[in-house]
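Everything below concerns the one structure shown next.
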Amino acid sequence: MNEVQPIKSKRHINAIKSALHGRNRLLFVLGVNSGLRISDMLPLKVGDVRGQDYVAIREKKTAKPKRFALNNAIKREIRESVPADAADDDYLFRSRKGANKPISRVQAYRILDAAVERAGLAGKIGAIGCHSTRKTFGYFAYKNGTDIGLLMRVFNHSSEKQTLHYIGQTQEDIDDVYVNISL
C-alpha cells in the first residue's frame with residue numbers, strides 16, 4: 001500500500017471541494033482546515049461545532065487533549081451543510097444507515113476517493129486517503145510560514161524530520177530552494 005500524500009495544489013483542493021456537497025464536503029473542508037485525524041473527526045457531534053469558535057477534543061490515538069479554532073472556511077461549511085433542524089447530539093458525519101452513528105473510516109475513504117475521481121484527479125496527485133487531508137493542512141501551514149516546531153506540536157511529532165516527511169517535503173521542494181535564490 002502506498003503512503004498517502006498531501007494535496008499540494010489549491011486548484012486540486014478546489015476541484016475536490018466542487019465534487020462534494022453537504023456532509024461529505026464538510027468532511028473534506030474540516031480535514032484540510034483543521035489537520036485532525038479521521039478518527040478524531042468522525043465522533044464530532046453537531047453541538048461540538050455549531051456556533052462555536054473552538055473545539056476541544058481528546059485525540060483518539062494519543063489520548064492527549066487538543067483544542068483547535070474553527071476558521072472561516074469551516075464555519076461557512078458548517079452553516080451551509082448542517083441542517084438547521086439537526087440536534088446537538090446528532091453526529092456531524094451521520095451515517096445514512098438509520099441509527100444515530102457516524103460514518104465509518106472506510107466510508108470516509110470512499111467519499112474522498114470518489115470525489116478525487118469525479119474531479120478528474122485520480123492518478124494525477126499521488127496516493128490519496130483520509131490522512132491526506134491532515135497532511136494537506138500541514139503542507140499549507142508550512143508553506144505559509146508556520147514554524148516547523150509549532151507544526152511538530154500541532155501533530156504531536158517528536159522530530160522535525162518526521163514532520164517534514166509527513167507533510168511531503170520532497171527533493172523537488174529542496175531543489176526549488178536553490179532555483180529560487182538568485183542573488
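Side chains are part of it too, since the values below use all heavy atoms of this structure and drop only hydrogens, waters and symmetry mates.
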Under 3.5 Å donor-acceptor, [X] side chain and [Y] backbone:
| X | Y | value |
| --- | --- | --- |
| Asn144 | Ala141 | no |
| Asn24 | Leu20 | no |
| Gln52 | Asp48 | no |
| Arg23 | Phe93 | no |
| Asn100 | Ser95 | no |
| Thr133 | Cys130 | yes |
| Lys101 | Tyr91 | no |

For residues [X] and [Y], report the shortest heavy-atom separation together with the two atoms involved.
| X | Y | value |
| --- | --- | --- |
| Leu36 | Leu44 | CD1-CD1, 4.4 Å |
| Ala115 | Ile16 | CB-CG2, 4.0 Å |
| Ala15 | Ala119 | O-CB, 3.6 Å |
| Ile7 | Thr136 | N-OG1, 2.7 Å |
| Val4 | Ser132 | CB-OG, 3.5 Å |
| Tyr139 | Ile167 | CD1-O, 3.3 Å |

Got more than 12 heavy atoms from elsewhere within 6.0 Å of [atom1], [X]?
| X | atom1 | answer |
| --- | --- | --- |
| Glu117 | CD | no |
| Asn72 | CG | no |
| Phe68 | CZ | yes |

- Message: If hydrophobic clusters are built from ILVMFWY residues whose side chains come within less than 4.5 Å, do Tyr109 and Leu92 share one?
- Response: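 Tyr109 does not cluster with Leu92.
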
Review point. In chain order, what residues pass the ring-ring contact (aromatic ring centres under 6.0 Å, His included) check against Tyr142, with sequence neighbours excluded?
Key: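 Result, ring-ring contact (aromatic ring centres under 6.0 Å, His included) vs Tyr142: none returned.
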
* To do: Please check if any side-chain donor atom of Glu3 sits under 3.5 Å from a side-chain acceptor atom of His165, or the reverse.
  =>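 His165 and Glu3 do have a side-chain donor-acceptor pair below 3.5 Å.
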
Worksheet item: Strictly by modelled atom types, are His131 and Tyr166 linked by a side-chain donor-acceptor pair under 3.5 Å?
Response: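 A pair is found: one side chain offers a donor N or O, the other an acceptor, under 3.5 Å apart.
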
*asked:* Taking the basic N atoms (NZ, or NE/NH1/NH2) and the acidic carboxylate oxygens, is any pair closer than 4.0 Å for Lys66 and Asp40?
replied: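 A salt bridge is absent here (no side-chain N lies under 4.0 Å from a carboxylate O).
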
Sidechain N-carboxylate O distance under 4.0 Å for Asp88, Arg50: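 Result for this pair is yes, salt bridge flagged.
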
- prompt: Among Asn33, Val55, Asp53, which one satisfies side-chain contact (heavy atoms from CB on, under 4.5 Å) with Leu70?
  reply: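 Considering Asn33, Val55, Asp53, a side-chain contact (heavy atoms from CB on, under 4.5 Å) with Leu70 is found only for Val55.
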
